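Worksheet: one structure, shown below.
As the structure is a prediction and not an experimental result, all values here were calculated from the model. In what follows, chains are A, B, ... by sequence order, proteins preceding strands, each numbered from 1.
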Protein chains: 2
Amino acid sequence: MSSANSLAVEDLGSAAQRDRRKRILDATIALASQGGFDAVQMRAVAERADVALGTLYRYFPSKIHLLVSALQREFERTEVALRDKPVEGDTTADRVINVLKRTTRGMQSDPKLTEALTRAFMFADASVAAEIHQVGMLLTSMLTRAMYPEGHEVTEDDVQIARVIGDVWLSALVGWVTGRTNAVETGQQIEVAVKLLLRD
Amino acid sequence: MSSANSLAVEDLGSAAQRDRRKRILDATIALASQGGFDAVQMRAVAERADVALGTLYRYFPSKIHLLVSALQREFERTEVALRDKPVEGDTTADRVINVLKRTTRGMQSDPKLTEALTRAFMFADASVAAEIHQVGMLLTSMLTRAMYPEGHEVTEDDVQIARVIGDVWLSALVGWVTGRTNAVETGQQIEVAVKLLLRD
DNA sequence: CCGCAAAGTGGAACGTGTTCCTATTTTAGC
DNA sequence: GCTAAAATAGGAACACGTTCCACTTTGCGG
């Protein structure tokens, strides 16, 4: 189970190792941001991160692991940023829509990067389940936090609704990434779904 | 726009060409069914379809196009089968759930094939937009037909709801394909979403 | 400080998707 | 039926993800 996973930050003992990991993810983001999924080439990442190819594979066992881990780091940063700026909006639906639109806008401001991360996420197979699960939990918790003001209890139903919304958001993102929908339509799609799901 | 698309059946003049196309898609399905996405290797498909590699690429410009076109053909067959057997169920939600569960069961009976087709669908980039769009339309129309008995007018709102349901179904399928959820959970996920979305 | 196990380096090598090129076969128009 | 164009065959070649190996460096327990 754990043999094929990416090395998480907590697993890394020395500062040099944490730094290597950071350099690798930075290089990944930079290349993705510039040329999308195809531009994230393992040799290029290794070179840019000043790391041997074998080392890169020691930290991240595949290109997909690498990109999903990069997504995870970005998402964690987004979540921290959200914690600082509590969500505005009077109703549950409004707050959720605001969170999603803010996040979506952020991603749309760097289309190539979003394309790379989204496609990696969707292409991931069972070996990336652990990393994918992490991202899914982050997304769900971002949404449930938006649904309720501080301290409110979150029921199992709420989690299910959040998951459904997360699913729709992902599908909308995929549609946008693949050029089937534009930014406006993506926003509408999310709004429709949230309003339908949170109309109480 | 059209330069990079797969050759559709309508584009093919001669019977020999239609037959080649069919052989290629048959080979694709067979290989996918047996070994999943990775087993669908272009050389293997070409050999099994008794076609040169160059010819394969002339019919389908990439592995993704090939698999998405195979998905499209399978989906069209599913839709035809559904037309014959009208959906049972008293409420809108029941009918939609039945259609989706029936389709999902069909896919789960051939996990490798489903894995191959689903991953191709999710990995597709902008160059496959046309084929993807076709599949999306098929799915939406399957759902709207399930929502209403014959002849009822379908509003824009209905289409939007159908799209949201389709999104959730796809995400659920991806979760199942990647081993994050099992068959039961997948069914529940769909049921939850449909009940939330069609509760009027 | 030594010695050794773990981690990292540099690069060759392999598999599979994709491209390309040259013959050969099929098709269509006359 | 003949010929030019299009389609197909057969296969070499290339790109990039991935694996592997021999060597060097790092870090740590004694």
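Atom NZ in B/Lys63 sits roughly 16 Å away from atom C1' in D/dA15 (whole-Å rounding). Here the C1' atom of nucleotide D/dA9 and the CD1 atom of B/Ile24 are 13 Å apart, to the nearest Å. Between the P atom of D/dG17 and the OH atom of A/Tyr57 lies a distance of 6 Å, rounded to the nearest Å.
Inspection of the B/Asp110 and B/Ser33 side chains reveals an N or O donor paired with an N or O acceptor under 3.5 Å.
Looking at A/Gln17, A/Lys22, A/Arg23 one by one, the single match for side chain to side chain donor-acceptor pair (under 3.5 Å) with A/Asp19 turns out to be A/Arg23. Looking at B/Arg21, B/Arg73, B/Arg48 one by one, the single match for salt bridge (charged side-chain N to carboxylate O under 4.0 Å, His left out) with B/Asp26 turns out to be B/Arg73.
Taking 4.0 Å as the cut-off between side-chain N and carboxylate O, B/Glu191 and B/Lys101 count as a salt-bridged pair. With respect to A/Arg83 and A/Glu79, a salt bridge is recorded, a charged nitrogen being found less than 4.0 Å from a carboxylate O.
Without hydrogens or angle criteria, B/Arg95 side chain to B/Glu88 main chain gives no donor-acceptor distance under 3.5 Å.
For the pair B/Lys63 and B/Phe37, the cation sits on the ring face: its NZ or CZ lies under 6.0 Å from the ring centre, inside 45° of the axis.
At least one side-chain heavy atom of A/Arg102 sits under 4.5 Å from a side-chain heavy atom of A/Leu82.
Both A/Ile165 and B/Leu196 belong to a common hydrophobic cluster when Ile, Leu, Val, Met, Phe, Trp and Tyr are linked at side-chain heavy-atom distances under 4.5 angstrom. Under a hydrophobic clustering in which Ile, Leu, Val, Met, Phe, Trp and Tyr are joined whenever their side-chain heavy atoms come within less than 4.5 Å, directly or via other members, A/Met142 and A/Leu117 fall into the same cluster. A/Ile132 is connected to A/Trp169 through a chain of hydrophobic side-chain contacts under 4.5 Å among Ile, Leu, Val, Met, Phe, Trp and Tyr, so both are in one cluster.
Across residues 25-33 of chain B, not one residue has a non-hydrogen atom less than 4.0 Å from an atom of DNA chain D. For the segment residues 37-56 of chain B, residues with any heavy atom less than 4.0 angstrom from an atom of DNA chain C are, sorted by number, B/Val40, B/Gln41, B/Met42, B/Arg43, B/Leu53.
Phosphate contact (OP1/OP2 of D/dT8, side-chain N/O of B/Gln17, threshold under 4.0 Å): present. Contact between the side-chain N/O atoms of B/Tyr59 and the OP1/OP2 oxygens of D/dT8 is found at a separation under 4.0 Å.
Bounding nucleotides for the chain A contact on DNA chain C, 5' to 3', at a heavy-atom distance below 4.0 Å, are C/dA7 to C/dA13.
The residue among B/Ala16 and B/Ser62 whose nearest nucleotide of DNA chain C lies closer to the 5′ end is B/Ser62.
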